[in-house]
Participant: 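Structure incoming, see below.
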Amino acid sequence: MAFETYAQTRPFARSIAEAAASRKMPPWFADSCCGHFANDPSLKPEEIATLEAWADANAPAGDPQDAPRPRHWTRGWNIAVPDRVFTMPVAKHLPASGDVPYQYVILPTGFQKDRWVSMSEIRPSNRMVVHHAVAYIRPPGSSWLRGAPVGKPFSADDLATTQLRRDAMWTTSDILLVYAPGSLPDSWPAGFAKLIPAGSDIVLQLHYTTHGHAAEDQTSIGLVFAKSAPQKRVLTLQLTNDSFVIPPEDPDYRVEVHGTLPNDALLLSFFPHMHLRGKSFEYNIVAPHGRIRTLLRIPHYDFYWQLSYRLAQPIPLRGGTVLQAVATFDNSRNNAHNPDPESEVRWGEQTWAEMMVGFFDVAVDPAIDKRQFFIRRGRTSQSP
Ligand code: HEM
C-alpha cells in the first residue's frame, strides 16, 4: 500500500494508528535500554498521539494548502548515481519449488588501481526470489575459490575439488556489503570508505528461495567511489558460533560467542543474523571482572526484518576489548515461524536450519586490511 496521497492513506487511518501505537511500525527492534542509533525511525509519543487523534477524528483531510509537496522518489538506485555497476553476466534460472543451494558469482572488477567505495547497493532484478546476497571482496593474492568459474552462477556442489567445495562455505575475505529485503544500502560517513584493491574480484553469494513459479534473477551491485582518500577504512567483522545444537521443543536456548578485538578500532554498526527460531540477540563488551556493557539488545528478534543498527556516535574500542554476542532461540511450537519444533537444530544455510552471526562494522587506519588487523600489535590495554 502507498501512503503518498490523502486518498491512498485515508482508508488505512485506523490501521496506521494501531500499527504506530503498538510500535509494530515503523519497524525497529532495538531495546531503548542500550545505545542510540542514527537509523532509528521510532516515532515520538507525541507523533503517535497525533496519528491516533487523527484516526479518532475520522481522518480529516485538513487544509490542502498546508499539504507538504509530493515527495520525490528515487527511481532505480537508492544511492547516488553509481560510478560503476557490475551485473551478473547471465541470469540464474530458478525452479518453481524446492531449496536452492547458495549460488556464487565471481565478477572481476578490472580495477587498475585501488578504489575507495563510499556507497554501495545490491539490486536484485527479481526481489521476490533473493532471500539475501553478500558481496565479498576477493583481492588478487587470495586463493579463495581460485579455479571456480568466473561470471556464471555455481554452487559448492558444482565445484570439482573438495578444497573448492570447502572454500565455498568459509572465507576470511572482507565483506563489501550484505543485502536482505528491507535492508539499507551502505553509505559511509564522510572520511570513511571500504577498499577494493586493484585487481580484485567481487564474489556474490546469493541465497535464492522459490515461490511456486519458475523465475530468474540477474542481480547487480552499484558502487560510488569516495572523492578523496578516506581517513578511515571500514571492515566488516563477525562474531559467529556455528557449533550449537538446539534441542527439540526448547523455548529459550542460549548460544554465545566472544572474541578479543586484536587492535584499536572505531565501532560503527551492527547487523545480527539468525533464522526462523531466532528469539533475541545482544552485543556486549565484557569489561574486567566480568562486568557487562550492552551495546545493542534485540529482545524480540524477527527474521523477516533484517535490519542494521548504526551507532549515532561511533564507539572507540581498544585492542584487547572482549566483545560478546548472545543469542537465544525458540524451538518450541509456540514460535509461529518454527518450521519443525521436533527437530534438533544445527548451523545450516537454509532457513529451516539456524545461524548465529553478529556482524559488526569497524573503522581502522586506511593502510590496514582485515588480515593485518588480526595481527595483534602487542597492546593489551583494558576496554573503555
Ligand atoms: C510511521 C511509519 C509507518 C507507518 C504509519 C506504517 C504503517 C503500516 C501499516 C498500517 C501496515 C499494515 C499493518 C498490519 O498489517 O497490521 C504496515 C505494514 C508494513 N509496513 Fe509499514 N508503516 C510505517 C513504516 C514502515 C517502514 C519504514 C517500512 C520499511 C522499512 C515499512 C514496511 C512495511 C511492511 C513490509 C509491511 C507489511 C508487514 C507484514 O505484512 O507483516 N513500514 N505498515
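When a ligand or atom number is given, it counts from 1 through the structure's own listing order.
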Participant: Can you confirm whether some protein heavy atom lies under 4.0 Å from atom 6 (C) of ligand 1, or whether none does?
Facilitator: yes
Participant: Is it true that Arg138 and Asp201 make a salt bridge, defined as a side-chain N closer than 4.0 Å to a carboxylate O?
Facilitator: yes
Participant: Report the part of Phe3 in contact with ligand 1, treating N, CA, C, O as backbone and CB onward as side chain, heavy atoms under 4.0 Å; options are side chain, backbone, both, neither.
Facilitator: side chain
Participant: Under the side chain to side chain contact (heavy atoms under 4.5 Å, CB included) rule, what do Ile221 and Tyr179 come out as? Steps first, then yes or no, please.
Facilitator: CA-CA 10 Å; Ile221 176 165; Tyr179 163 88; over 6 Å; no
Participant: With 2.8 Å as the threshold, which protein atoms of type N, O or S lie near atom 21 (Fe) of ligand 1? Leave waters out.
Facilitator: Met25 SD
Participant: Please check atom 40 (O) of ligand 1 for a protein heavy-atom neighbour under 4.0 Å.
Facilitator: no
Participant: Which of these passes side chain to side chain donor-acceptor pair (under 3.5 Å) with His131: Gln306, Gln350, His207?
Facilitator: His207
Participant: Please state which protein non-hydrogen atom is closest to atom 32 (C) of ligand 1 and give its distance, to 0.1 Å?
Facilitator: Trp305 CH2, 3.5 Å
Participant: Do His132 and Tyr102 make the cut of ring centroids closer than 6.0 angstrom?
Facilitator: yes
Participant: Just checking, any donor-acceptor pair under 3.5 angstrom between side chains of His36 and Gln313?
Facilitator: no
Participant: With sequence neighbours left out, what residues match Tyr253 under ring-ring contact (aromatic ring centres under 6.0 Å, His included)?
Facilitator: none
Participant: Tell me whether atom 37 (C) of ligand 1 lies less than 4.0 Å from at least one protein heavy-atom position.
Facilitator: no
Participant: Verify whether the ring centers belonging to Phe281 and Tyr309 lie closer than 6.0 Å.
Facilitator: no
Participant: With backbone taken as N, CA, C and O and side chain as the heavy atoms from C-beta onward, which portion of Met1 lies under 4.0 Å from ligand 1: side chain, backbone, both, or neither?
Facilitator: side chain
Participant: Ligand 1 versus Trp28, non-hydrogen atoms closer than 4.0 Å: side chain, backbone, both, neither?
Facilitator: neither
Participant: Determine the interplanar angle of the His273 and Phe303 rings, folded into 0 to 90°, and report it as parallel if under 30°, tilted if 30 to 60°, perpendicular if over 60°.
Facilitator: tilted
Participant: Show which atoms of ligand 1 fall inside a sub-4.0 Å distance from at least one heavy-atom site of Ser15.
Facilitator: 10 (C)
Participant: Is the count of non-hydrogen atoms from other residues, nucleotides or ligands lying under 6.0 Å from Lys152 atom NZ greater than 12?
Facilitator: no
Participant: Would you mind telling me which of Phe244, Trp347, Tyr301 makes a ring-ring contact (aromatic ring centres under 6.0 Å, His included) with Phe329?
Facilitator: Phe244
